There are 2 protein chains.
Amino acid sequence: MKIKSQKLSKNEKVVLEVVKKSNGPIKAYTILSDVKKNGLKAPPQVYRALDKLIKKGKIHRIESKNAYLDCQNSKCKTSSRTAFSICQKCEKVTEIINTKLSKFLSNFKDDAGKEYQKYNLEFYGICKKCKS
Amino acid sequence: MKIKSQKLSKNEKVVLEVVKKSNGPIKAYTILSDVKKNGLKAPPQVYRALDKLIKKGKIHRIESKNAYLDCQNSKCKTSSRTAFSICQKCEKVTEIINTKLSKFLSNFKDDAGKEYQKYNLEFYGICKKCKS
DNA sequence: TATAACTTGTTATAATATAACACTTTTATG
DNA sequence: CATAAAAGTGTTATATTATAACAAGTTATA
C-alpha cells in the first residue's frame with residue numbers, strides 16, 4: 001500500500017497557515033484576500049491548495065457552509081471519515097473525535113450489507129456558549 | 001407543538017414534480033430550465049420553492065453535490081435527520097432509512113454530553129452496479 | 001373589509017468554483 | 001548526469017450556485 005506523501009508545496013503551506021490561524025471555518029475567498037500578501041492572486045491557486053490539503057488530511061471542508069477548517073485530529077491521516085458539530089447560532093464548528101461514533105459508522109452496513117470507507121457527518125445544534 | 005403546514009404553493013408543486021421525476025439528485029439550474037415551460041423564469045423562484053420543500057420534508061439537499069433529491073421516506077416529516085449513500089462513480093444517491101443508524105445518531109452524545117436534534121450524514125462508496 | 005402573512009415576479013449581482021493553457025520546478029530513473 | 005515524467009504555479013476568462021432587494025398579488029382570518 002502506497003502512502004500518500006504528506007509533503008506540502010509552497011502554496012499549500014501558505015494556505016494551510018491561513019486556515020490554521022483562522023478562528024473556525026474560513027471561506028475560499030477570505031483565504032484568497034489574505035494570501036494576496038504572499039503573492040497569490042487568483043482563485044485557482046487557492047482552490048488547488050485546498051483540494052490537496054483535504055486529500056492530505058490537513059484540512060476538512062464543511063460541506064453545508066462551503067468553508068474550510070484545519071484538522072484537529074492528530075491521528076487523522078486522511079479526509080475519509082469526518083464528523084462535525086455545527087452551532088446554528090454562532091456558526092462555530094468543532095470536529096468530533098469520538099471512537100464510538102467512528103467505529104459505529106465505519107462498521108455500519110446498509111440494508112444491502114454494504115460498508116463504507118468514507119463518510120461525512122454534520123451535527124447541528126446550539127453550542128454551550130450560545131445557550132447561556 | 002405547532003405542526004408546520006404541509007400544504008404546497010403553486011411554485012412548490014411545480015418544482016417538486018420536477019425533482020420527483022428526475023432520476024436522482026437534480027441541480028437548481030436544471031430544475032429552472034425545466035420549469036420554464038411552467039412560466040417560472042428566474043432563480044429565486046426555484047430557490048425559494050426548494051427551501052420551502054426542504055423545510056416541509058418533501059426533498060433533501062445533498063450538500064456535497066449542491067443537488068436536490070425527493071424524500072423517499074414516507075414517514076419523513078422534517079428535514080432534520082438525514083443519511084445518504086453516494087456512489088463515487090455514477091453519482092447515484094440513495095436515502096438511507098435505517099432505524100439502528102437513526103437511533104444511534106439521535107441518541108449520540110458528544111464529549112460534552114450534548115445531543116443533537118439535527119444531522120446530515122453522507123456515505124461515499126461504489127454502488128453495486130458500478131462494482132460489477 | 002382590513003390587515004397580516006404569505007407568495008410571486010423581476011432585475012441585478014454576489015459568492016463559489018473550474019476550464020484551459022503556458023510555463024517552471026521537482027522527482028524518479030535509465 | 002541527463003532527461004523525461006510528474007507535480008506545481010501563474011493567469012485569464014468563465015461557469016456554476018445562490019441571494020438581495022423591491023414591487024405587487026394572493027390568501028387567511030379576525
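By convention in this document, chain letters (A, B, ...) are assigned in the order of the sequence lines, proteins followed by strands, and residues within each chain are numbered from 1. Just so it is clear, the model here is predicted, and its values are computed rather than measured.
Contact check, B/Q45 against C/dT8: no side-chain N or O comes under 4.0 Å of OP1 or OP2. Considering only side-chain N and O atoms, A/K52 lies under 4.0 angstrom from the phosphate OP1 or OP2 of D/dG8. In this model, the phosphate group of C/dT8 is approached by a side-chain N or O of B/S9 to a distance below 4.0 Å at OP1 or OP2. Applying the 4.0 Å criterion to OP1 and OP2 of D/dT11, one finds that A/K41 has a side-chain N or O inside that range.
At a threshold of 4.5 Å between non-hydrogen side-chain atoms, the residues B/D70 and B/K58 do not count as touching. Within the 4.5 Å cutoff, the side chain of B/E12 has heavy atoms near those of the B/K56 side chain. The shortest side-chain heavy-atom distance between B/L69 and B/F84 falls under the 4.5 Å cut-off.
A search for ring pair (Phe, Tyr, Trp, His ring centres under 6.0 Å) contacts involving B/F104 returns A/F104, not counting sequence neighbours. The ring pair (Phe, Tyr, Trp, His ring centres under 6.0 Å) test applied to A/Y47 returns no partner, not counting sequence neighbours. Remark: B/D110 pairs with B/F108, B/A112, B/K114, B/Y116 by the side-chain contact (heavy atoms from CB on, under 4.5 Å) rule, at least two apart or across chains.
For B/D51 and C/dT8, the CG to C1' distance is 15 Å, given to the nearest whole Å. Between the P atom of C/dT7 and the CG atom of B/L53 lies a distance of 11 Å, rounded to the nearest Å. Atom C1' of nucleotide C/dT8 and atom NZ of B/K13 are separated by 15 Å, given to the nearest angstrom. Between the P atom of D/dG8 and the CG atom of A/L40 lies a distance of 14 Å, rounded to the nearest Å.
A donor atom on one side chain and an acceptor atom on the other are found under 3.5 Å apart for B/R61 and B/N66.
Between A/K65 and A/E122 there is no salt bridge, since no side-chain nitrogen of the basic residue lies less than 4.0 Å from a carboxylate oxygen of the acidic one.
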- Would you mind building the protein contact string for nucleotides 22-30 of chain D? One character per nucleotide, 5' to 3', B for base within reach (heavy atoms under 4.0 Å), S for sugar-phosphate only, - for untouched. ------S--
Check: protein-nucleotides 14-17 of chain C nitrogen or oxygen pairs below 3.5 Å:
| from | atom 1 | to | atom 2 | distance (Å) |
| --- | --- | --- | --- | --- |
| C/dT16 | OP1 | A/K27 | NZ | 2.6 |
| C/dA17 | OP1 | A/R61 | NH1 | 2.7 |
| C/dA17 | OP1 | A/R61 | NH2 | 2.9 |
| C/dA17 | OP2 | A/Y47 | OH | 3.1 |
| C/dA17 | OP2 | A/Y68 | OH | 3.4 |
| C/dA17 | N7 | A/Y29 | OH | 2.8 |
| C/dA17 | N6 | A/Y29 | OH | 3.2 |

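Checking each of B/T82, B/I96, B/L105 against B/L121 for a side-chain contact (heavy atoms from CB on, under 4.5 Å) leaves exactly one that passes, namely B/L105.
The distance from the CD1 atom of A/I86 to the OG atom of A/S64 is 4.0 Å, given to the nearest 0.5 Å.
The side chain of B/A42 has C/dT11 as its nearest neighbour among C/dT11, C/dG9, C/dA19.
Looking at B/Q45, its side chain does come within 3.5 Å of a backbone N or O of B/A42 through a donor-acceptor pair.
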- Task: Give DNA chain C the dot-bracket treatment, 5' to 3': Watson-Crick (N1-N3 with N6-O4 or O6-N4) or G-U (N1-O2, O6-N3) under 3.5 Å, [ ] crossing, | other strand.
- Result: ||||||||||||||||||||||||||||||
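Residue whose closest nucleotide on DNA chain C sits further toward the 5' end, between B/N11 and A/P44: B/N11.
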